[in-house]
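Working notes, beginning with the structure itself.
Along the sequence shown, residues are numbered consecutively beginning with 1. Quick note: numbers below take in every heavy atom, side chains included, and nothing from hydrogens, waters or symmetry partners. Being a predicted model, the structure only gives us computed values, none of them experimental.
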Amino acid sequence: MGINNESDIEANLQIGPTDSGMVRIYVEAKGIEIPMDFDPEEANEIADEIKAAAKAAGALKR
């Protein structure tokens with residue numbers, strides 16, 4: 001599966017701080033739980049990548 005392939009898999013996504021000062025992205029789908037912890041600097045880099053992708057996707061829809 002690649003970034004441009006559609007899927008019928010449904011998942012829940014949660015993002016928030018942990019009590020140890022990390023940022024957790026938590027994905028749950030079909031009985032699978034994937035917790036991914038990032039330090040704040042890494043989380044900011046991920047946020048920047050998401051914003052850049054959203055901007056690029058928005059430009060394609062125009």
Not counting sequence neighbours, list each pair that qualifies as a salt bridge (charged side-chain N to carboxylate O under 4.0 Å, His left out) and has a residue in residues 11-31.
R24-D37
E49: side chain to side chain contact (heavy atoms under 4.5 Å, CB included) partners, not counting sequence neighbours
none
Joining Ile, Leu, Val, Met, Phe, Trp and Tyr whenever any side-chain heavy atoms lie under 4.5 Å apart, the cluster holding Y26 also takes in none
Interatomic distance, D48 atom CG to K51 atom NZ [nearest 0.5 angstrom]
6.0 Å
Return a table of donor-acceptor pairs under 3.5 angstrom between the side chains of residues 10-18 and protein atoms on other chains or two or more places apart.
unit_1, atom_1, unit_2, atom_2, d
T18, OG1, S20, N, 3.3
T18, OG1, S20, OG, 3.1
T18, OG1, M22, N, 3.1
T18, OG1, M22, O, 3.4

CG of N5: more than 12 outside heavy atoms within 6.0 angstrom?
yes
Hey, is CD1 on I3 packed in by over 12 heavy atoms from elsewhere, all under 6.0 Å?
no
All side chain to side chain contact (heavy atoms under 4.5 Å, CB included) counterparts of I9, not counting sequence neighbours:
S7, A29
What verdict does the side chain to side chain contact (heavy atoms under 4.5 Å, CB included) test give for M36 and V27, after you've listed the backbone C-alpha separation in whole Å, the side-chain angles of each residue and the deciding distance to 0.1 Å?
CA-CA 8 Å; M36 296 176 281; V27 181; 4.0 Å; yes
Checking side chain to side chain contact (heavy atoms under 4.5 Å, CB included) for the pair D39/E42: CA distance, chi angles, key distance, verdict?
CA-CA 5 Å; D39 65 40; E42 290 174 308; 3.4 Å; yes
